[in-house]
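Note sheet for the following structure.
These numbers come from the heavy atoms of this one structure, side chains and all, not from hydrogens, waters or symmetry mates. Here the structure is a predicted model, which is why all the values come from computation and not from measurement.
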Amino acid sequence: MDAQRTLWTHGHLATLAGDAPWGGIADGALITEGEQILWVGATETAPAELLAGVAQTHDLHGAVVTPGLIDCHTHLVYGGLRSNEFELRLQGASYEEIARAGGGIRSSVTATREASEQALFDSAAARLRQLLSEGVTTVEIKSGYGLNLTAEAASLAVARRLGAELDVAVQTTFLGAHALPAEFAGRQDDYVSAVCDWLPQLQAQGLVDAVDAFCEGIGFSPAQTRRVFEAAQALGLPVKLHAEQLSDQGGTQLACEFGALSCDHLEHLSEAGVQAMAASGTVATLLPGAFYFLRETKLPPIAALRAAGVPMAISTDHNPGTSPTLSLLLMLNMACTLFRLTPEEALRGATQHAARALGLKDRGVLQAGLRADFCVWDIAHPNELAYFFGRNPLALCVRGGQLRGA
């Protein structure tokens, strides 16, 4: 990779570092070298010793610069679509009723198992390119639509290939405990045993960065989730959890016992869950797309999370059944309009706190020594990223120090 030193000057920086609102620097500059940020500050204070080695300069003409966006919860790899279920819900069927009738995740499992690995790659690549076009520089991709060892391995391998071929940072998460496949009907504990047996094999193939589960009445019980987390812990893998989406199962408290990176959804989160997250340093990942698409009415306890100092991440939760969005920018707006986050909280949720939700300490803010992932936007103020919806103001994107364009 080209390690030349580059100066990015005269930008309105929203570094999200330090104590100032937005970490703002009105006339700011960055110096990058290779994949790393060497320096960030006011344009007029750029160090002469660093400027002496600059090989290329980009004048940003006052455009807004933010850290690269991070989509920290997606299900990008799957076969088929579930637009028919969208119609069923509009006719009055609930998410649970559709799932129990063999729809929902199970229908995606059938389509995923039937698809070739190349077909899975091609469809997921098209979806990922859409995310990248809005400034996403890091993305998490879960498995969970294969639900047998072969199909789960294929899904995770596709996720790894997406990162390599589209030249974007991809974090993979094993979500074998997503739903009960038909061949294990009535044998849920046996399926959990199988998931635990697959995990070391998948890790040995280099396919797993973290482990997730769906702890819910239509998913897996806290006791079954504990077994999956114990298997992950034995392998040194971090955990996260789909928690408290449809009911309060106490999954959040369980996840926090294991030092979970994040608990996600959280519409039915209790005060005990909030306090557990605050004590463990676990990130609350909010998924307004699923809330909107399912027409939920019970809001996550935003005020309680804020008061307890729990960091709140924002993500698309892209999946074929409950959040078929490919716009993280739209999620910033929804986080504000539906959940009443401030625009700054929303942006931090898709950058700084999203990085933390993935256990990544080298990105999410603009700061010397961190990864050179940032976006340049054709807007006057960073709050416009949450203000607009249906508009993509990305002017250019830098991933790993490399200019990608819009």
Do S108 and H75 pass the side-chain contact (heavy atoms from CB on, under 4.5 Å) test, and can you show the C-alpha distance, the side-chain angles, and the key distance before you say yes or no? CA-CA 11 Å; S108 292; H75 306 253; over 6 Å; no
Side chain of R113, backbone of L147: donor and acceptor closer than 3.5 Å? yes
Taking only residues two or more places apart in sequence, or in another chain, which ones meet W39 in a ring-ring contact (aromatic ring centres under 6.0 Å, His included)? none
Is there a side-chain contact between M277 and L266 in this structure, where contact means two heavy atoms from C-beta onward sitting under 4.5 Å apart? yes
Side-chain heavy-atom pair H12, P382 within 4.5 angstrom cut-off: yes
Pair L396, W377 - check side-chain contact (heavy atoms from CB on, under 4.5 Å), show working. CA-CA 7 Å; L396 61 87; W377 307 94; over 6 Å; no
Judged by modelled atom types alone, do Q205 and Q201 share a side-chain donor-acceptor pair under 3.5 Å? no
Does the R356 side chain pair with the main chain of G281, one donor and one acceptor, at a distance under 3.5 Å? yes
Residue list, side-chain hydrogen bond (donor to acceptor under 3.5 Å, both in side chains) with Q36, at least two apart or on another chain: none
Find out whether L332 and L329 are in side-chain contact, i.e. whether some heavy atom of one side chain is under 4.5 Å from a heavy atom of the other. yes
Do L162 and V168 come within less than 4.5 Å of each other through their side chains, counting heavy atoms only? no
Side chains of L51 and I31: does their closest heavy-atom pair fall under 4.5 Å? yes
Polar side-chain atom of E244 near backbone of T252 as donor-acceptor pair, under 3.5 Å: yes
Keeping the roles fixed (side chain from Q367, backbone from A17), state whether a donor-acceptor pair exists under 3.5 Å. no
Are the side chains of R340 and E345 in touch, meaning some heavy atoms are under 4.5 Å apart? no
Sort out for me which residue in L394, V64, T66 forms a side-chain contact (heavy atoms from CB on, under 4.5 Å) with I379. V64
Relative to the ring of H381, is the ring of W22 parallel (under 30°), tilted (30 to 60°) or perpendicular (over 60°)? perpendicular
Whether E152 side chain and G146 backbone form a donor-acceptor pair below 3.5 Å: yes
Can you tell me which residue pairs pass the ring-ring contact (aromatic ring centres under 6.0 Å, His included) test with a partner in residues 263-287, sequence neighbours excluded? H73-H265, H242-H265
Step through the shown structure and confirm whether more than 12 heavy atoms of other residues, nucleotides or ligands are within 6.0 Å of CZ on F184. yes
Among pairs that include at least one residue of residues 227-241, which meet side-chain hydrogen bond (donor to acceptor under 3.5 Å, both in side chains), considering only residues two or more places apart or in two chains? S193-R227
Distance-only polar pair, side chains of S107 and E85, donor-acceptor under 3.5 Å: yes
Testing the basics here: between P301 and V274, what is the closest heavy-atom pair and its distance to 0.1 Å? CG-CG2, 4.2 Å
Spell out, as yes or no, whether a donor-acceptor pair under 3.5 Å connects the side chain of D373 to the backbone of R371. no
Would you find a donor on one side and an acceptor on the other, under 3.5 Å apart, between the side chain of R363 and the backbone of T138? no
Classify the side-chain pair T173/Q171 by whether it contains a donor and acceptor separated by less than 3.5 Å. no
Side-chain (R106) to main-chain (A179) donor-acceptor, under 3.5 angstrom: no
Check against side-chain contact (heavy atoms from CB on, under 4.5 Å), L366 and I25: CA-CA 11 Å; L366 300 180; I25 302 174; over 6 Å; no
The ring-ring contact (aromatic ring centres under 6.0 Å, His included) partners of W8 (sequence neighbours excluded) come to H58, F374
Does the side chain of T172 come under 3.5 Å of the side chain of D209 through a donor N or O and an acceptor N or O? yes
Set of residues satisfying side-chain hydrogen bond (donor to acceptor under 3.5 Å, both in side chains) with respect to D362, sequence neighbours excluded: none
Quick one: closest heavy-atom pair of L175 and H178, and the distance? O-CB, 3.3 Å
Would you mind reporting whether V365 and T15 have side-chain heavy atoms less than 4.5 Å apart? no
Start with the C-alpha distance between E134 and Q130, add both sets of side-chain angles, then the distance that settles side chain to side chain donor-acceptor pair (under 3.5 Å), and finish with yes or no. CA-CA 7 Å; E134 286 194 351; Q130 181 64 35; 4.7 Å; no
What do the steps show when you test Y145 against V77 for side-chain contact (heavy atoms from CB on, under 4.5 Å), and what is the final call? CA-CA 8 Å; Y145 290 121; V77 178; over 6 Å; no
Could E140 and K142 be called an ion pair, given the rule that one side-chain N must be under 4.0 Å from one carboxylate O? yes
Counting distance only, does the side-chain N/O of Q188 pair as donor-acceptor with the main-chain N or O of G219 below 3.5 Å? yes
Just by distance, no angles: are the side chains of S123 and R127 close enough, under 3.5 Å, to form a donor-acceptor pair? yes
Donor-acceptor pair, side chain of R399 and main chain of D167, under 3.5 angstrom: yes
Verify the distance criterion only: is there a donor paired with an acceptor across the side chains of Q224 and D189 at less than 3.5 Å? yes
Under a 4.5 Å cut-off applied to non-hydrogen side-chain atoms, are F291 and M334 in contact? no
Of L69, N333, L347, which is the lone residue that meets side-chain contact (heavy atoms from CB on, under 4.5 Å) with L385? L347
N148 versus T150, side-chain donor and acceptor atoms under 3.5 Å: no
